[in-house]
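Sequence lines set the chain letters: A, B, ... in the order given, protein chains first and strands last, and positions in each chain run from 1.
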Amino acid sequence: MANKMVSEMGLPKSIANIFAARNLITAKDVFSLTEFELMELLDVDLAVVTSAVAHISEMTCPPYQTALSLLEQRRQNENMAGHLPTSLKGLDNALCGGIPFGVVTELVGPAGIGKTQFCLKLSLLASLPSSYGGLDGSVIYIDTESKFSSRRLIEIGFNSFPEVFHTEGMAQEMAGRIMVLRPTSLSEFTDSLQKIKVSLFQHSVKLLIIDSMAALLSGEGVQGPQRQHSLGWHISFIKSVAEFSRIPVVVTNQVRSQSRDEISHYSFQDKNKGEGPEAATKPDSHLVAALGIHWAHAVSIRLIFESKSGQRFIKLAKSPLSPPLAFPFNVTSSGISLLNDDGVEMPGPEIHSISWQGHNNVINFVSEMMH
Amino acid sequence: MELALLSMSAWEMLNEEESLGRITTSCSELDDILGGGISCKEVTEIGGVPGIGKTQLGIQLAVNVQIPMDYGGLQGKAIYIDTEGSFMVERALQIAEACFEDMREYHGFLKRDLQACQVNMQPKDFLENIFYFRVCSYTEQIAVVNYLEKFISEHKDVKVVIIDSVTFHFRQDFDDMALRTRLLGGMALKLMKLAKKFTLAVILLNQVTTKYTDGQYQLALALGDSWSHACTNRVILYWNCNERYAYIDKSPSVRSAAAPYSVTGRGIRSSVSNSKRVKMM
């Protein structure tokens, strides 16, 4: 819409010609000047400018829909009204069906906690035929830390969907639908993203996973606010891919320790600083997602994976649809399983903090599975 | 004589303001610090960190503006301009259903004669009265704001315009800061004119950034200093211990104050610890 040419907007020919003559080709060009500047540049009356700008705006404005028609459209046309069920009942209920289409869902947590396991399971779920609750499509898996294990994927497949996987050729078919990319630098990553846009339409891709985002930046030695800026384009791109292809996009994010000075407040809160319980509420291992506040605004659903007193939890830290719930889970041979489908409600900012207690070693995956 | 035609006396203004009606937030403490609710005819900026409830409040207002006059509402419609894809239609339905149930309960409480109530709104009707625009660039955002004058002339019952968020497209890689300031300023002016001309409320949701001031990082609303002058009212949503709070940072008519609120399955409501007090309607 924004790139429509002024010449094609149905303005009276004489006016259209004047715009073209002054190199005002797109709506963007026109909006960058004030009405007075346009008057001067085009040498016409203010009334003419006002009416032309109004017309150009109307042509550039995206169409509207009522919220009702949006709802009905999704219910009619999309799987589970636009959700990818995760097979974790409690989580699916909280999310009104599963991981939502059209938006970015972020998985945050320390290394080894189970984020990649969750991603592998989701990949399978998206590739499964619809008769098994899947999206019957292909998956693009961007693996930046070489954590993708096809062996583990097949193992999860055999354990979770034995009927499918024991059928001849199905394991190959399912695994064949998951396309793994391994960019080793930020520029390769940028490249991969651009190429993805094309494949999205050609290969009926139903899920995009980026595991993980922050990995590419740590190598570049970028810290703090600059880090956020260098990902600005990627954030917009990923969001728009999610939205226009109406697919779920899942991105994993690392954690880093937050230093004491980073705990920020508004200027009007200063007088309260240091007094009361507020100053002392931060947990000892105060881990924070690596990409910062700008990225945090861009995601719609945030699942925090954490470990507290030896038990792992998936916390629904940001979700417009459900209260903040925490579900205890384990990593099993069939992926991830919840110990409890009701979850524990966690009001307050505790839902946003990330604990990493009781698991100080890198998890030896094989021994985990032996239980 | 001519001056009287162009201006309004302060007395007339007071009368007008009192009759304008306000949009309730469904949280009485929040309504109180706002002076009764969100005021029509003005632009209110609402900012806060991700997850604090900005979109929740936006959707609540898009529903509450529709409350029939018989229930003390404005019986209006809403325009929701979504710049980030935050609007979740299932959530709007949840909030509409809760509003519908609250209305039915209020109705039963007052034992009103059914015939007296002329409007019978179902949850889906609430969704039908929300006009949803999805904009994907700052060009589209400016285009929508410019187009609103015509749209609202054709849909005169629109009483609230929500932009969620006003920030998003002006943050990413904007090279020319001077242009950005001008575009934002122009947009703010247009929105103020719209609010006045059609007597509606304009709600602009804003994101948060960190500023290095006095030797430490502080949180502040995004878009810079000149933008912070552009809106008539500013509300900041923030965490205080375990509770969500709203703070009136800027208002020409009410003083700075903070009030707790909560985000529940039904939408925005009073905070849990406050709801223990019995409230009479």
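The aromatic rings of A:Tyr64 and B:Phe131 sit perpendicular, their planes meeting at an angle over 60°, well past the 30° parallel limit.
Looking at B:Leu93, the atoms closer than 4.5 Å to chain A (heavy atoms on both sides) all sit in the side chain, from C-beta outward. Of the two parts of A:Pro320, the backbone and the side chain both hold a non-hydrogen atom closer than 4.5 Å to a non-hydrogen atom of chain B. Of the two parts of A:Glu58, the backbone and the side chain both hold a non-hydrogen atom closer than 4.5 Å to a non-hydrogen atom of chain B. Of the atoms belonging to B:Glu84, heavy atoms from both backbone and side chain fall under 4.5 Å from chain A. With a threshold of 4.5 angstrom between heavy atoms, B:Ala92 does not approach chain A through any atom at all. Using a 4.5 Å cut-off between heavy atoms, A:Ser32 contacts chain B through both its backbone and its side chain. Within the 4.5 angstrom heavy-atom criterion, only side-chain atoms of B:Leu183, from C-beta onward, approach chain A.
Between A:Leu321 and B:Met88 there is a side-chain heavy-atom pair separated by less than 4.5 Å. Residues A:Lys239 and B:Phe168 have side chains in contact (heavy-atom distance under 4.5 Å, counting atoms from C-beta outward). B:Thr264 places none of its side-chain heavy atoms less than 4.5 Å from the side chain of A:Pro323. Taking 4.5 Å as the limit, every side-chain heavy atom of A:Leu68 sits out of range of all side-chain heavy atoms of B:Phe126.
For B:Asp225, the CG atom counts as loosely surrounded, since its 6.0 Å shell holds 12 or fewer non-hydrogen atoms of other residues, nucleotides or ligands. Within 6.0 Å of atom NZ in B:Lys250, more than 12 heavy atoms from other residues, nucleotides or ligands are found, so the atom counts as buried in its surroundings. Around the CD atom of A:Glu40, the shell of radius 6.0 Å holds no more than 12 heavy atoms that belong to other residues, nucleotides or ligands.
When all heavy atoms of A:Cys61 and B:Phe133 are compared, the closest pair comes out as SG-CE2, 3.8 Å. The two atoms that bring B:Thr139 and A:Thr60 nearest to each other are CG2-CG2, 4.2 Å, heavy atoms only. Among all heavy-atom pairs drawn from B:Gly85 and A:Glu243, the shortest one is CA-OE1, 4.0 Å. A pairwise comparison of heavy atoms in A:Tyr266 and B:Leu221 identifies CE2-CD2, 4.4 Å as the closest pair. The minimum heavy-atom distance between B:Val89 and A:Ala67, with the atom names listed, is CG2-O, 3.3 Å.
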- Would you check, one step at a time, whether the test side chain to side chain contact (heavy atoms under 4.5 Å, CB included) holds for B:Tyr147 with A:Met59? CA-CA 9 Å; B:Tyr147 176 57; A:Met59 292 293 112; over 6 Å; no
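Distance check, rounded to the nearest 0.5 Å: OG1 of B:Thr55 to NZ of A:Lys318 gives 7.0 Å. Rounded to the nearest 0.5 Å, atoms OG (A:Ser267) and CG (B:Asp249) are 7.0 Å apart. How far CD of B:Glu128 is from CG of A:Leu71: 11.5 Å, rounded to the nearest 0.5 Å. A distance of 9.0 Å separates SG in A:Cys96 from CZ in B:Arg91, rounded to the nearest 0.5 Å. Separation of atoms CG (A:Leu95) and CD (B:Glu90) is listed at 10.0 Å; rounding is to 0.5 Å. The distance from the CZ atom of A:Phe31 to the CG atom of B:Leu179 is 12.5 Å, given to the nearest 0.5 Å.
Remark: side-chain polar atoms of B:Lys150 are not paired, donor with acceptor, to backbone N or O of A:Ala54 under 3.5 angstrom.
Here B:Arg134 is the residue among B:Gln141, B:Lys124, B:Lys54, B:Arg134 with the most heavy-atom pairs under 4.5 Å with chain A. For the options B:Tyr80, B:Phe87, B:Phe151, B:Tyr132, heavy-atom pairs under 4.5 Å to chain A are most numerous at B:Tyr132.
A salt bridge does not link A:Lys28 to B:Glu140: none of the charged nitrogens lies less than 4.0 Å from a carboxylate oxygen.
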